Protein chains: 2
Amino acid sequence: MENEQRARSFEAALRRAGVRITRQRAALLRILAAADDHPDATQLHQRAMAAGAGVSLATVYRTLSALEAQGVIMKLEFEGAAARFEPADQQHHDHMIDVETGEVMEFVNDRIERLQAEIAREMGYDIVRHRLELYVRKRR
Amino acid sequence: MENEQRARSFEAALRRAGVRITRQRAALLRILAAADDHPDATQLHQRAMAAGAGVSLATVYRTLSALEAQGVIMKLEFEGAAARFEPADQQHHDHMIDVETGEVMEFVNDRIERLQAEIAREMGYDIVRHRLELYVRKRR
DNA sequence: ATCGCTGCAAATTATTTGCAAAATG
DNA sequence: CATTTTGCAAATAATTTGCAGCGAT
């Protein structure tokens with residue numbers, strides 16, 4: 001499977017930055033590489049435990065911070081919920097959250113991206129990062 | 001001053017909804033009516049105390065919840081910070097946060113609003129609410 | 001053999017809540 | 001006067017951290 005491939009590339013990035021790959025981190029990297037549902041710290045902890053990797057929740061948090069600092073994952077803070085995480089090795093995108101089911105979807109829109117940069121520029125600023133979330137409900 | 005006017009209109013909305021106007025709430029409403037800097041609960045508490053209104057922080061939180069439920073104020077949850085609040089009697093707008101100073105600015109862009117609705121619609125959803133925040137740095 | 005990393009439990013931060021007393025409409 | 005609302009302190013929830021021992025390079 002290519003998830004293993006992805007996990008290895010994450011490890012490589014970390015090694016390059018001088019971050020040690022421990023048993024716990026290796027396990028979390030594989031779980032993150034396989035996740036496509038934006039899990040939160042508790043879910044990652046449960047998955048790691050289910051996978052037989054003994055990891056404490058504190059270590060999950062510490063690892064997530066390290067991975068975010070290295071640009072391997074991105075932290076997502078949606079309204080009224082624990083922080084969720086997603087691998088960062090993908091195209092930039094924004095999120096759409098179904099308020100009924102909690103499902104998180106991704107979307108890309110270049111026009112919006114350009115308009116944002118334009119707005120910031122007009123006000124004399126450069127965008128460092130941005131956050132665009134659409135809280136939606138399935139149309140009936 | 002017209003802030004007093006605004007505070008009264010807030011009170012009217014609450015009375016209409018059967019919410020009691022206590023000394024503490026009246027004080028907070030005036031502080032909110034005069035605030036144009038998106039204060040958080042602690043700041044509102046400090047301002048209320050400074051204004052001589054004895055209010056507990058718990059009451060500040062409970063009042064803010066009530067005001068939000070009545071649509072009098074909006075709660076803003078920016079990255080890595082306590083929730084901030086702003087009066088809701090204004091045109092819809094999004095926020096731009098200077099990552100260096102923490103300053104919060106407002107902006108409106110109809111094209112972005114339309115594009116968002118379009119994106120949701122194309123995916124079969126209706127937008128319930130959305131959040132667009134630009135974290136920026138002053139251009140040099 | 002270093003120096004970073006982990007587990008555990010205790011500490012933080014922001015916010016919420018139970019309960020008896022106080023205040024509003 | 002019937003209900004809300006308040007204050008206080010204790011409870012939560014998510015996340016962070018101190019410290020002593022363990023383990024990766």
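The model shown is predicted, which means the values in this text are computed figures rather than measured ones. Naming: A, B, ... by sequence-line order, numbering from 1 per chain.
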Pair R139(B) + D126(A), salt bridge at N-O below 4.0 Å: yes

Of R15(B) and D40(B), the one whose closest nucleotide on DNA chain C sits nearer the 5' end is D40(B)

- prompt: Side-chain N or O of T22(B) less than 4.0 angstrom from OP1 or OP2 on dT5(D)?
  reply: no

**Asked** Is any side-chain N of the basic residue among E11(B) and R15(B) closer than 4.0 Å to the acidic one's carboxylate O?
**Response** yes

Original post:
Should the pair E77(A)-R131(B) be classified as a salt bridge under the 4.0 Å nitrogen-to-oxygen rule?
Top reply: no

- Lys/Arg-Asp/Glu bridge criterion (N-O < 4.0 Å) met for D98(A), R137(A): no

Rounded to whole Å, the CD1-P distance (I21(A) to dT6(C)) equals 10 Å

Rounded to whole Å, the CD-P distance (E79(B) to dT15(D)) equals 14 Å

Among the nucleotides dT16(C), dT15(D), dG7(D), whichever has the atom closest to the side chain of A82(A) is dT15(D)

note: R20(B), atom CZ; dT4(D), atom C1'; distance rounded to Å ~ 4 Å

Rounded to whole Å, the NE2-C1' distance (H45(A) to dG7(C)) equals 10 Å

Practice item. Determine the interatomic distance between C1' on dG7(D) and the same-named atom on dA11(D); round to the nearest Å. Key: 16 Å

At less than 4.0 Å, is any side-chain N or O atom of Q24(A) found next to OP1 or OP2 of dG7(C)? Yes or no. yes

With a 4.0 Å cut-off on N to O distance, would you call R8(A) and E4(A) a salt bridge? yes

| field | Carboxylate-amine/guanidinium proximity below 4.0 Å for D40(A) and K75(A) | value | no

Picking from dT2(C), dC8(C), dT6(D), the nucleotide nearest the side-chain atoms of S56(A) would be dC8(C)

Taken to the nearest whole Å, CZ/F85(B) to C1'/dT15(C) is 10 Å

For dT16(C), does OP1 or OP2 lie under 4.0 Å from any side-chain N or O of Y61(B)? no

Legend entry - dA24(D) phosphate, OP1 or OP2, under 4.0 Å from R23(A) side-chain N/O: no

### Message
Using a 4.0 Å heavy-atom cut-off, does G54(B) contact any base of the nucleic acid, only the sugar-phosphate backbone, or nothing at all?
### Response
sugar-phosphate

When rounded to whole Å, the CE to C1' distance for the pair M49(A) and dG7(C) reads 11 Å

Side-chain contact check for L57(B): nearest option of dT15(C), dT25(D), dT16(D) is dT15(C)

R25(B) has its side chain closest, among dT25(D), dT3(D), dT6(D), to dT6(D)

Q70(B) atom CD is separated from dT4(D) atom P, nearest whole Å, by 13 Å

**OP:** Assign R62(A) to base, sugar-phosphate, or nothing according to its heavy-atom contacts below 4.0 angstrom with the strands shown.
**Re:** base

Practice problem: Identify whether any heavy atom of A58(B) sits under 4.0 Å from a base atom; if not, whether one sits that close to sugar-phosphate; answer base, sugar-phosphate or nothing. | Solution: base

note: K75(B), atom NZ; dT16(C), atom C1'; distance rounded to Å ~ 11 Å

